[in-house]
Amino acid sequence: QVQLVESGGGLVQAGGSLRLSCAASGSIFRFKPMGWYRQAPGQQRELVAAISPAGTSTNYADSVKGRFTISRDNAKNIMYLQMNSLKPEDTGLYYCNQDSRSAWPWGQGTQVTVSS
């Protein structure tokens, strides 16, 4: 069973940047499309960025397009989310998981809080 550990969140002012990391156990990681998900207080979890297994194709939610960049290092079983020009509405708990219906067990997530 793959385990996912997110890190890199924190408190930042609007306009600031953060880089999130997702460490995955197991070599199967490199064969799976992956995504970063965000859950704001009182809202459903939403997919904000996705990346193909080889990292050659990416997709973003309109709300983060042009500000967030997803990437992965399959040799290290790590995925990243570079977040720039952060806005208060980016506040939430960020998770990583497969970009498919077959989710692995969810990790604890990493909290991102953007102050205005």
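Along the sequence shown, residues carry numbers from 1.
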Answer with yes or no whether the hydrophobic clustering places V48 together with V12; edges join I, L, V, M, F, W, Y residues whose side-chain heavy atoms lie under 4.5 Å apart.
yes
Examine R72 relative to F29 and say whether NZ or CZ is less than 6.0 Å from the centre of the six-membered ring and inside a 45° cone about the ring axis.
yes
Using the side-chain contact (heavy atoms from CB on, under 4.5 Å) rule, take L20 and E6 through it: C-alpha gap first, then chi angles, then the decisive distance, then the call.
CA-CA 7 Å; L20 307 185; E6 302 91 350; over 6 Å; no
pair Q3-P105: side-chain heavy atoms closer than 4.5 Å
no
Using a cut-off of 6.0 Å, state whether more than 12 heavy atoms not belonging to Q39 lie near its atom CD.
yes
Begin from the C-alpha positions of E46 and Y37 and carry the test side-chain contact (heavy atoms from CB on, under 4.5 Å) through to its verdict.
CA-CA 5 Å; E46 61 171 340; Y37 298 79; over 6 Å; no
Say whether R38 and Y94, considering side chains only, have a donor N or O and an acceptor N or O under 3.5 Å apart.
yes
Check for me whether the distance between the ring centres of F68 and W36 falls short of 6.0 Å.
no
Take S63 and E89 through the test side-chain contact (heavy atoms from CB on, under 4.5 Å) and record every step on the way to the result.
CA-CA 9 Å; S63 59; E89 51 263 44; over 6 Å; no
Counting only heavy atoms from other residues, nucleotides and ligands, does the tally under 6.0 Å from NZ of K65 exceed 12?
yes
Are I28 and R30 side-chain neighbours, meaning at least one heavy-atom pair lies under 4.5 Å?
no
Salt bridge check, R67 against D90: does any charged N sit closer than 4.0 Å to a carboxylate O?
yes
Face-on cation placement of R45 at Y95 ring, 6.0 Å and 45° thresholds:
yes
dist K32:NZ -> N74:CG (nearest 0.5 Å) comes out at 13.0 Å
How long is the span from the CE atom in M79 to the OG atom in S71, to the nearest 0.5 Å?
9.0 Å
Start with the C-alpha distance between C22 and L4, add both sets of side-chain angles, then the distance that settles side-chain contact (heavy atoms from CB on, under 4.5 Å), and finish with yes or no.
CA-CA 7 Å; C22 166; L4 301 166; 4.1 Å; yes
Quick one: do I70 and V112 end up in the same hydrophobic cluster if we chain Ile, Leu, Val, Met, Phe, Trp and Tyr together by side-chain heavy atoms under 4.5 Å apart?
yes
